[in-house]
Amino acid sequence: MIQTITLPDLPGCLREIPSPPKQLYISTEDAEAFAGLMQRPRVAIVGSRRVSAYGQAVTSRLAGELAAQGVVIVSGLAIGVDAIAHRAALEAGGLTLAVLPGPVEQVYPRSHMTLARHLLESGGALVSEYPADTFSYKQNFVARNRIVAGLSNVLLITEAAINSGTLHTARFALEQGIDVLAIPGNITSPTSAGTNNLLKSGATPVTGIDDILYALNLMPTGKKSSLRSRVKGANAEEQHIINLLEQGVSDGNQLLTASGLSVDQFNHHLTMLEITTKIRPLGANIWALR
C-alpha cells in the first residue's frame, strides 16, 4: 500500500530540515509500519557504489549487528554500500528503510526490485518525495540524500572515495545537526580517501558497533564489539584462514596463496567454514567473516 503524507504531517525530523519535502509517498505492507519505524533508533548507512572487499565486509557486519539490536537501517537502495546495508539488515532479521530518487512505484535501480520486495515483506518501507510517473532526474539523487540524513539519528559512512556523491549526504547531515560517523580506511586505498578526510575534518571514527550505539545514546550490549572476529576454526588450517580474513585478505586467490595449503585442502577448509556459517561469500570470489 502507498500512503501520502503532506508537510504538516511529516515526522518532526523532516519538517525541521532545510528544504523539507512538500510530501512523502510511502510504500509499506502495513499501514502502521512507517510510524513504527519512526519510533525506533535509526542509522543511515551510505557509501560508494564501487565498494572494496573491505567496505563490503565492514558495511555488512555493522549493518547486521545494528539491525539485530533493533536499529532501523536507512539507506538509498543504490548499488554498492546501500544495497549491502539493506541486505545485511534483512539477513539479521531486522528492519530497513529505503529512500528512492524517483516514485516508490518505480524502484531504482530495477535490478534491486527483489531486494525492495524483501524489504517491504520484512516490515520496512520505501520512501520518496516524488509522485507516480515522475522521471528520476540526475538532481534527484543528490536531493534524495537530504531525506536519507533527515530520517536518521546518526549517519555512518563506511567507505567513500574523495569525490563520492556520498559526501553530499554528510553535508546534509551536518546542516541538520546529525552526527556523522566514518570508518577509517587504508590510507593507500582511493575508496577510503573520502572517509579518511571526513575523519580529519571531525567525523567520529567507528571501529565497532559500540561506537555507533554510543552516538545513539543506547547502552552497549556488554560484549566487546570490534571489526575483528571472535570466530574460532575447528582446526589449525581453518583458524589460519580466519586469521587471514581478520587481517584483511579477502580475495579467494590471495587467501589460497597466503594459506600455504594445497588447492584441495584449501577448498575443503573453506567449504567447511562456509557450511558452519563462520564465513560467507560476497561474490566474485571475495570472502568475509560472519
Side-chain angles (χ1 to χ4, degrees), residues 45 47-69 73 79-94 111-112 114-115 118 156 158-161 183-193 195-196 206-211 221-290:
I45 300 182
S48 294
R49 285 173 168 77
R50 296 182 180 179
V51 58
S52 71
Y54 169 74
Q56 292 179 49
V58 169
T59 302
S60 181
R61 176 167 299 185
L62 290 176
E65 289 180 351
L66 287 167
Q69 296 204 28
I73 303 302
I79 293 168
V81 164
D82 291 22
I84 293 167
H86 289 306
R87 288 194 182 101
L90 295 174
E91 289 172 3
S111 58
H112 287 168
T114 300
L115 176 57
H118 289 167
L156 172 64
T158 56
E159 189 172 57
I183 301 292
N186 189 323
I187 62 172
T188 66
S189 172
T191 57
S192 289
T195 43
N196 288 339
V206 169
T207 57
I209 188 177
D210 288 356
D211 297 325
T221 60
K223 290 183 179 178
K224 185 173 180 175
S225 175
S226 74
L227 297 182
R228 289 183 62 83
S229 172
R230 290 174 173 264
V231 173
K232 299 298 179 185
N235 50 53
E237 291 79 11
E238 287 188 10
Q239 189 60 50
H240 187 37
I241 293 172
I242 289 170
N243 292 343
L244 289 169
L245 287 165
E246 288 181 340
Q247 294 164 20
V249 182
S250 57
D251 177 81
N253 293 325
Q254 293 177 5
L255 280 171
L256 170 61
T257 301
S259 72
L261 299 170
S262 69
V263 173
D264 288 344
Q265 288 176 321
F266 176 77
N267 287 336
H268 168 74
H269 293 299
L270 196 72
T271 299
M272 292 307 299
L273 286 169
E274 183 180 8
I275 289 173
T276 55
T277 68
K278 294 174 183 175
I279 67 172
R280 67 176 185 157
L282 297 177
N285 200 23
I286 301 298
W287 297 86
L289 294 165
R290 287 281 183 178

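Index from 1, following the sequence.
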Looking only at heavy atoms, which two atoms of [X] and [Y] are closest? And how far apart?
X      : Y      : answer
Val206 : Pro184 : O-CD, 3.2 Å
Ala89  : Ile73  : CB-CG1, 3.7 Å
Glu237 : Leu261 : CG-CD2, 3.8 Å
Gly47  : Asp82  : N-OD1, 3.9 Å
Leu245 : Leu255 : CD2-CD1, 3.9 Å

Just by distance, do the side chain of [X] and the backbone of [Y] share a donor-acceptor pair under 3.5 Å?
X      : Y      : value
Glu159 : Ser52  : yes
Ser192 : Thr188 : no
Thr59  : Gln56  : no
Lys232 : Gln239 : no

Q: Determine, step by step, whether Ile209 and Arg61 satisfy the side-chain contact (heavy atoms from CB on, under 4.5 Å) criterion, reporting the C-alpha distance in whole Å, the side-chain angles of both residues, the deciding distance to 0.1 Å, and the verdict.
A: CA-CA 9 Å; Ile209 188 177; Arg61 176 167 299 185; over 6 Å; no

Do [X] and [Y] come within less than 4.5 Å of each other through their side chains, counting heavy atoms only?
X      : Y      : value
Glu238 : Asn235 : yes
Thr158 : Ile84  : no
Leu256 : Asn267 : no
His269 : Ile241 : yes
His112 : Arg87  : yes
Ser250 : Trp287 : no
Tyr54  : Ile183 : yes

**Q.** Working for side-chain contact (heavy atoms from CB on, under 4.5 Å), residues Val81 and Ile45
**A.** CA-CA 8 Å; Val81 164; Ile45 300 182; 4.1 Å; yes

Q: Using side chain to side chain contact (heavy atoms under 4.5 Å, CB included) as the criterion, list what pairs up with Ala160, not counting sequence neighbours.
A: Ser48, Ile157, Ser164, Thr166, Leu167, Thr195

Q: Only counting residues at least two apart or in another chain, list the ones meeting side chain to side chain contact (heavy atoms under 4.5 Å, CB included) with His240.
A: Leu244, Ser259

Q: Determine whether the side chains of Asp264 and Ser262 contain a donor N or O and an acceptor N or O closer than 3.5 Å.
A: no

Q) Could you give the distance from CG (Asn253) to CG (Asn285), rounded to the nearest 0.5 Å? A) 5.5 Å

